[in-house]
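Contents: one structure, followed by commentary.
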Amino acid sequence: MPAVERLVSTAEDLLRLPTGLGERFELVEGELRTMSPGGSLHGKVAARAALLLGQHVAARQLGEVVGAETGFVLERNPDTVRAPDAAFIAAARVPPGGLPETYFDGAPDLAVEVVSPGDTAQDVQSKVADWLHAGARLVWVLYPRSRQVFVFRAEGRVDTLSADELLDGGDVLPGFACPVRDLFE
């Protein structure tokens with residue numbers, strides 16, 4: 001892996017990495033970071049979030065929802081490419097020809113992160129800060145074990161929702177609302 005790390009310092013380098021290396025990567029300030037594959041519960045929750053978002057967005061033609069491993073270029077020189085577990089991009093920000101085959105330039109309007117047992121609080125906060133700094137208007141951090149969602153907004157407000165509360169999309173995802181428990185079932 002050290003040879004690969006020396007070859008990767010930009011978003012374009014990262015995109016050219018061969019698939020099938022058995023690992024996933026993000027690029028943070030020009031530094032390649034290996035990401036462990038998520039566990040089964042992590043995958044289920046990420047898929048559930050993408051499904052609920054996708055159904056809502058498609059029915060109202062609000063934009064695009066993308067799944068895990070979709071890269072977003074958040075910063076250049078040094079480059080930062082992050083990959084949320086799910087994301088929403090508003091229709092007004094989707095290029096006329098559709099989403100690019102390469103990484104999306106900029107943050108999504110909504111980034112969804114599912115916390116795995118090995119994630120540290122520092123790692124989670126770093127990702128949230130990167131998303132918001134790059135222009136995400138909303139970040140949902142889902143905690144499968146406690147069945148909670150932390151909602152971070154661009155203006156600085158943070159809400160903690162339990163399984164019995166309602167998660168809504170605010171002005172980022174008009175009309176979206178679901179019980180928090182639906183994300184974990």
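Annotation: side chain of Thr160 is in contact with side chain of Gln148 (closest heavy-atom distance under 4.5 Å). Using a 4.5 Å heavy-atom cutoff, the side chains of Arg137 and Phe88 are not in contact.
Taking both residues in full, the closest heavy atoms of Pro84 and Val112 are given as CB-O, 3.6 Å, listed atom of the first, atom of the second, then distance. Nearest heavy-atom pair, His42 versus Val115, reported as atom, atom and distance to 0.1 Å: CD2-C, 4.4 Å. In plain terms, the two heavy atoms of Gly106 and Arg93 that are nearest each other are C-NH2, 4.4 Å. Of all heavy-atom pairs spanning Trp140 and Gly169, the tightest one is CZ2-CA, 4.3 Å. Considering all non-hydrogen atoms of both residues, Ala154 and Ala136 come closest at CB-O, 3.8 Å. Across all their heavy atoms, Asn77 and Asp79 have their closest contact at N-OD1, 3.0 Å.
By the neighbour-count criterion of 12 heavy atoms within 6.0 Å, atom CD of Glu155 is densely surrounded, having more than that number from other residues, nucleotides or ligands. The 12-atom threshold is not exceeded at CD of Glu29, counting heavy atoms of other residues, nucleotides or ligands nearer than 6.0 Å.
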Working for salt bridge (Lys or Arg N to Asp or Glu O under 4.0 Å), residues Arg16 and Asp13: CA-CA 5 Å; Arg16 284 192 296 268; Asp13 295 338; 2.9 Å; yes

Worked check of side chain to side chain contact (heavy atoms under 4.5 Å, CB included) between Arg147 and Glu185: CA-CA 10 Å; Arg147 298 168 65 97; Glu185 292 180 352; 3.3 Å; yes

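Within the 3.5 Å criterion, the main-chain N or O of Ala107 finds no donor-acceptor partner in the side chain of Arg82.
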What donor-acceptor contacts under 3.5 angstrom involve side-chain atoms of residues 48-62, with partners at least two apart or in another chain?
from, atom 1, to, atom 2, distance (Å)
Arg48, NE, Asp182, O, 2.7
His56, ND1, Arg60, NH1, 3.1
His56, NE2, Pro174, O, 2.8
His56, NE2, Phe176, N, 3.3
Arg60, NH1, His56, O, 3.3

